Amino acid sequence: MAKDYKKNKNQGSSRVSNGPKYDPNHKKQTQVNKVNGGVFEYTGSITVTELSKQLNVPVSDIIKYLFMNKKMMVTLNSTLDDEVIGELCLNYGYDFKKEKIVDVENFEEIEIHDDEKDLVERPPVVVVMGHVDHGKTTLIDTIRSSNIAGGEAGAITQAIGAYQKEIKGKKITFLDTPGHEAFTAMRARGAKMTDIAIIVCAADDGVMPQTIEAIDHAKAAGVTIIVAINKIDKPTANVERVKEEMMQHGLIPEEYGGDTIFKEISAKKNIGIDDLLETILIVAELKELKANPKRYALGCVIEASLDKNEGAKATLLVQNGSLNCGDSVVIGTAYCKVRKMVNEHKKVIKTALPSTPVVVTGLDEVPHAGDYFMAYSDEKLAKQVADKRKLDAKTKAQKATSAMTLNDLYNQAQTGEVKSINVILRADVQGSVEAIKSSLEKIQNDEVKVNVIRATAGAITQSDVLLASASNAIIYGFNVRPDAAVRAKAAEEKIEIRLHNIIYALIEEIEGAMKGLLKPIEKEVVMGQAEVRQLFRASKIGTIAGSFVTDGTIKRDTQIRLIREGVVIYTGKLGSLKRFKDDVAKVETNFECAFTIDGYNDIKEGDIIEAFEIQQIARG
């Protein structure tokens, strides 16, 4: 029977595609069933009559074939499944391809098919991964001639940073991911965004738990792995031991017959860095990385935060297409009309090409790190998509249950009474929120479980206090501070606010309390707050802040934090403290004063200075 019908050269190469074949910027996607170049393309259910029409085969022949070969009795309106459609297409000389219909708001599921002639070479995206303190950020510093590591709390990276470097006329995009175990989710996200993974392993320390984790993430993401054995300048360096340990995890060096590239470097002494960069370019060239800059942009959120002056902002990695000023973009559940884009050097740019990290402002909310984004040609459609995604996310949100204060948790854990603890989490950036939330939810205890009922970026607010009161939750702040009004409200509602700037200290604290093992700790006591109202600059002194004490007492030589819009900008020590022209030891509430901060001058009007001291508090 098949000889009576047209044969196609692709016969036998049948496939069912999960990727939708449509432009996501069209307002509506409709089902399409048609023959195109000898291939029957369809998107939905097919009846015998519809298939007969598209393949130009009599209905009687299809019914007869199915009865004779499949023992199936069908009618004109019978619906055929994918297996039967594929067999019929092949029998009558056609290839077949099923395209999955994806709702326009679910753009994460869209599989993009670009015309080969539109594809151009793009820079490789390289993720730097490894164990804490093995030199990942120092490597980035050396490549960029910067000093990122010098400003990190606890000497560890606590967010994903994105940077570009031009090597021999070609760009490389680097992602620096945290090495501490709390950032497992962030490292996993970093691997999924990238083409090449640099696994940094210290020659004097060897393969450690997060090294293994990084290897697993890179393998799961299917990216090319390059092992950078760092700190080879140290007397205790043992390169061969590192190679042997790496081989136990499936990374076989090329000299041993494997396919993994190993490079020996010293990020601190700038040894072997040029060789490593040239290797990255060679690997990228072999991978033939391409993208289509002519289409609307799509990609991932690297980081997101709330800025005092610019509002919600996000660092995006453009993975395909070009992002332009004026584009309408849906980022997670947020909507953004791109009004300004800046690169890593805070330079305003008009267009971000594929593999470019860029910061955009003007979002209507803070998205989550790891969210997908897509630009749309139609502003109205983009807003509709964002609204629909917001609604979907809201319906999936989990409700709060019950919890208690940390002291209650400790005491009740001793008696076995406690069952769960509710936590409200606030952090300066969304990546930290995600990492802490994930870590807290993983803490296992026979008597206790953690329930994170709110986890967002930004300052601690009175709304958080009210939610904590209603749900009996503890508020945790990571690198953010409550103002005096929020503190007062928390005291009124008897809500505990715990503040940290090192993630593993936060996790260890709550884990210890859950297990009833919390030992006596040092407790931070806020002594007072002052609002900066006028600035004076003296060449020999620096910035002098004319201020008004709004709460408590400000003492000379005390520890202080500089807070801007609820986010900690600087932590240090108060320098001089004056009332008019006189040096004073302290200034009380509702009095004016002037002060300087040791070693810091970037003070702005409206900033809050919070004075605090550490006191030893015995466990009751």
Side-chain angles (χ1 to χ4, degrees), residues 132 151-161 177-187 189 301-308 312-315 366-370 403 405-406 409 421-443 450-461 463-465 467-468 473-483 486-487 490 495-514 521-524 526 559 561-571 608 610 612 614:
V132 61
E152 293 177 352
I156 62 170
T157 304
Q158 302 196 117
I160 288 186
T177 65
H180 188 270
E181 63 181 353
F183 291 89
T184 300
M186 295 178 71
R187 279 202 309 282
R189 183 174 68 247
V301 178
I302 298 173
E303 191 50 87
S305 61
L306 190 64
D307 185 271
K308 173 187 176 182
K313 61 194 295 188
T315 303
V366 180
H368 292 82
T405 68
L406 199 62
L409 177 64
I421 173 172
N422 280 357
V423 171
I424 293 173
L425 177 62
R426 284 281 194 170
D428 54 342
V429 295
Q430 190 62 38
S432 296
V433 170
E434 179 183 324
I436 298 169
K437 181 176 183 288
S438 175
S439 297
L440 291 178
E441 290 177 341
K442 286 180 181 176
I443 296 175
V450 175
N451 181 26
V452 182
I453 62 174
R454 174 181 288 175
T456 52
I460 298 172
T461 65
S463 172
D464 295 325
V465 175
L467 177 59
I474 297 173
I475 298 175
Y476 269 92
F478 179 75
N479 213 28
V480 296
R481 312 295 300 179
D483 59 24
V486 172
R487 270 184 204 282
I495 295 302
E496 186 169 19
I497 299 177
R498 312 287 296 190
L499 305 171
H500 289 270
N501 68 345
I502 302 294
I503 186 170
Y504 49 78
L506 183 158
I507 295 165
E508 287 173 358
E509 176 185 273
I510 194 167
E511 186 176 31
M514 287 176 63
I521 59 170
E522 292 182 332
K523 181 178 181 181
E524 175 191 299
V526 174
Q559 293 290 109
R561 290 186 185 86
L562 178 67
I563 303 169
R564 189 169 296 156
E565 199 68 16
V567 176
V568 178
I569 303 300
Y570 180 78
T571 301
I608 301 296
E610 180 179 83
F612 66 94
I614 304 299

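FYI, side chains are in, hydrogens and waters are out, and symmetry mates aren't considered; it's all heavy atoms of this structure. None of the values given here were measured: they were computed from a predicted structure.
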Query raised in the report: Between Q559 and I614, does a side-chain contact (heavy atoms from CB on, under 4.5 Å) hold up when you go through it step by step?
Result: CA-CA 9 Å; Q559 293 290 109; I614 304 299; over 6 Å; no
Query raised in the report: Is there side-chain contact between D483 and I608, with heavy atoms separated by less than 4.5 Å?
Result: no
Query - Side-chain heavy atoms of V486 within contact of V465, under 4.5 Å - result: yes
**Report entry** D428 side chain near V568 side chain, heavy-atom distance below 4.5 Å
**Finding:** no
Requested in this report: For residues V433 and A427, report the shortest heavy-atom separation together with the two atoms involved.
Outcome: CG2-CB, 3.5 Å
Report task. Find the distance between CD (E610) and OG1 (T571) and round it off to the nearest 0.5 Å. Result -> 9.0 Å
Query raised in the report: CZ/R454 to CG/N422 distance, rounded to the nearest 0.5 angstrom?
Result: 12.5 Å
Query - Minimum heavy-atom distance between I503 and F478, given as atom pair plus value - result: N-CE1, 3.5 Å
Report summary line: Residues L425 and K437: closest non-hydrogen pair is CD2-N, 3.8 Å
Query raised in the report: Roughly how far, to the nearest 0.5 Å, is CD1 of I436 from OH of Y476?
Result: 10.5 Å
Query raised in the report: Do any N or O atoms from the side chain of S438 and from the backbone of E434 form a donor-acceptor pair under 3.5 angstrom?
Result: no
Query - Shortest non-hydrogen separation from V480 to A459 and the atoms involved - result: CB-CA, 4.5 Å
Query - CA sep, side-chain torsions, deciding dist, call: T456, V366, side-chain contact (heavy atoms from CB on, under 4.5 Å) - result: CA-CA 8 Å; T456 52; V366 180; over 6 Å; no
Query - Pairwise distance CD(E509) to CD1(I474) - rounded to 0.5 angstrom - result: 8.5 Å
Query raised in the report: Can you check whether V526 reaches R481 side chain to side chain, under 4.5 Å on heavy atoms?
Result: yes
Report task. Find the distance between CD1 (I453) and CD1 (I424) and round it off to the nearest 0.5 Å. Result -> 4.0 Å
Requested in this report: Looking only at non-hydrogen atoms, find the nearest pair between A312 and L306 and report the distance.
Outcome: N-CD1, 3.6 Å
**Report entry** N479 versus N501, side-chain donor and acceptor atoms under 3.5 Å
**Finding:** no
Query raised in the report: Does the R426 side chain pair with the main chain of A457, one donor and one acceptor, at a distance under 3.5 Å?
Result: yes
Query raised in the report: At their closest point, which heavy atom of I497 faces which heavy atom of A490, and how far apart are they?
Result: CD1-CB, 3.7 Å
**Report entry** Under 3.5 Å donor-acceptor, E303 side chain and G431 backbone
**Finding:** yes
Query raised in the report: Can you tell if the side chain of L506 reaches within under 4.5 Å of the side chain of R498, non-hydrogen atoms only?
Result: no
